[in-house]
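To keep things clear, I will list the structure first and then write my remarks on it.
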Protein chains: 2
Amino acid sequence: MKRPTAKLISGRQKFRKGNVYDVNCPSRAVLEHVTSRWGSLVLLVLLEGTQRFSELVRGIGGVSEKMLAQSLKALEADGLVARRVYPTVPPKVEYSLTKMGSEVAVHLRTLTDWVEDSISEVMRNRSRVEANKSAKPQPMQA
Amino acid sequence: MKRPTAKLISGRQKFRKGNVYDVNCPSRAVLEHVTSRWGSLVLLVLLEGTQRFSELVRGIGGVSEKMLAQSLKALEADGLVARRVYPTVPPKVEYSLTKMGSEVAVHLRTLTDWVEDSISEVMRNRSRVEANKSAKPQPMQA
DNA sequence: CGGTATCCAGCGCGATACTG
DNA sequence: CAGTATCGCGCTGGATACCG
């Protein structure tokens with residue numbers, strides 16, 4: 001289950017249900033799978049081709065096997081990733097994108113490309129902000 | 001227009017620095033801001049126009065004020081969101097997308113649109129998977 | 001190799017209260 | 001209205017150990 005525990009803040013939304021702005025909409029859940037920390041990177045790496053589990057671990061800096069397995073399961077359940085097991089003596093499992101998976105992954109790649117292209121401008125912004133912070137030590141008092 | 005040069009990732013690991021596969025790359029951090037649970041929704045909502053804080057709270061189902069403020073601060077620091085304060089007696093603060101922010105938001109919207117369009121197919125997959133699960137009860141306990 | 005199960009530290013995030 | 005500060009619970013997710 002997702003979040004039956006949380007007290008919902010949602011009440012009057014001017015946005016219609018059935019889209020990502022609605023907490024309970026399934027689209028929101030899928031969006032979160034796709035944009036999740038590891039889910040997004042998995043899709044991006046698989047865009048380069050079929051990969052084995054250990055290749056994914058090495059390809060994605062910083063993932064633990066646990067989180068990778070977890071992300072793969074979610075994406076597989078969503079029908080975005082295909083899992084193929086070879087019944088060989090040393091187990092071999094390959095992951096690849098499904099048709100649907102390729103579609104999202106392409107959109108994700110576009111987004112990522114934008115980020116990588118814009119990173120210098122973003123970083124320039126960040127330094128400027130931090131400079132202001134230290135330059136203005138809170139003139140809060142009267 | 002996006003990537004004139006090859007940021008080619010040809011299957012072999014030894015993940016090159018400078019792209020999102022590198023844990024320490026700044027691009028990764030920005031990507032995470034943009035794709036984060038609330039960050040992404042903030043950008044999407046702001047794509048519809050300038051909004052006040054409380055409007056954002058109401059527009060995004062399930063967000064707490066704390067997380068919203070936090071997300072807005074991160075996005076502002078990245079230079080994706082502009083914050084405008086009106087020195088009126090009842091405080092009034094408006095948030096809007098910067099030029100950069102609009103660019104990401106558009107990519108994000110593309111991704112979201114895909115999800116909303118494909119949600120039925122995804123859900124069909126999920127039910128199929130769950131059906132298989134209950135059909136093959138694993139020996140968890142006795 | 002490719003998982004899965006368990007433990008547990010950390011912090012994400014919600015609730016509440018206070019400021020301007 | 002638009003935050004900020006503080007507290008604390010619970011889930012996230014890393015480390016470890018163990019099966020097929």
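To find a chain, count down the sequence lines: A is the first, B the second, and so on, and within it residues start at 1.
- Candidate nucleotides dC1(D), dG3(D), dG20(D) were compared by shortest atom distance to the side chain of Phe53(B), and dG3(D) ranks first.
- Ala105(B) and Leu97(B) make their closest contact through CB-CD1, 3.7 Å (heavy atoms, listed as atom of the first residue, atom of the second, distance).
- In this structure, Pro90(B) reaches neither bases nor backbone, as no heavy-atom distance under 4.0 Å exists between it and the strands shown.
- Separating the OH atom of Tyr86(A) from the C1' atom of dG3(C) is a distance of 18 Å, rounded to the nearest angstrom.
- Between the CD atom of Glu32(B) and the C1' atom of dC11(C) there is a distance of 15 Å, rounded to whole Å.
- The shortest distance between side-chain heavy atoms of His107(B) and His107(A) does not fall below 4.5 Å.
- Atom-to-atom, CE of Met67(B) to P of dG3(D) comes out at 15 Å; the value is rounded to the nearest Å.
- The nucleotide whose nearest atom lies closest to any side-chain atom of Val93(A) is, among dT4(D), dG2(C), dG14(C), dG2(C).
- Lys73(B) places its NZ atom 12 Å from the C1' atom of dA2(D), with the value rounded to the nearest Å.
- Across its full length, the helix from dC1(C)-dG20(D) to dG20(C)-dC1(D) shows an angle of 40° between the axes of its 5 terminal pairs at either end, rounded to 10 degrees.
- An OP1 or OP2 oxygen of dA2(D) is reached within less than 4.0 angstrom by a side-chain nitrogen or oxygen of Ser54(B).
- Taking 4.5 Å as the limit, every side-chain heavy atom of Arg52(A) sits out of range of all side-chain heavy atoms of Val93(A).
- Nucleotide dC18(D) holds its C1' atom 15 Å from the NZ atom of Lys66(A), rounded to whole Å.
- At dG3(C), one or more side-chain N or O atoms of Tyr95(A) fall inside 4.0 Å of OP1 or OP2 (strictly under the cut-off).
- Residues Leu41(B) and Val63(B) form no side-chain contact, since every pair of their non-hydrogen atoms from C-beta on lies 4.5 Å or further apart.
- The shortest distance between side-chain heavy atoms of Trp38(B) and Leu72(B) does not fall below 4.5 Å.
- If you measure from atom CG of Leu72(A) to atom P of dG13(D), you get 15 Å, rounded to the nearest angstrom.
- Checking dG3(D), dG3(C), dC1(D) against the side-chain heavy atoms of Glu65(A) singles out dG3(C) as nearest.
- Taking side-chain N and O atoms only, Arg52(B) has no distance below 4.0 Å to OP1 or OP2 of dC1(D).
- Summary of the strand contacts: Pro91(A) and Arg37(A) both lie near DNA chain D, and taking for each the nucleotide with the nearest heavy atom, the more 5' one is attributed to Arg37(A).
- Rounded to an integer number of Å, the gap from Arg83(B) CZ to dA2(D) P is 10 Å.
- Between Arg28(A) and Val23(A), some side-chain heavy-atom pair lies under the 4.5 Å cut-off.
- With dT4(C), dG14(C), dG3(D) as the choices, the nucleotide that has an atom nearest any side-chain atom of Ala69(A) turns out to be dT4(C).
- The separation between Gln70(B) atom CD and dG14(C) atom P is 10 Å, rounded to whole Å.
- How far NE2 of His33(A) is from CG of Leu75(A): 8.0 Å, rounded to the nearest 0.5 Å.
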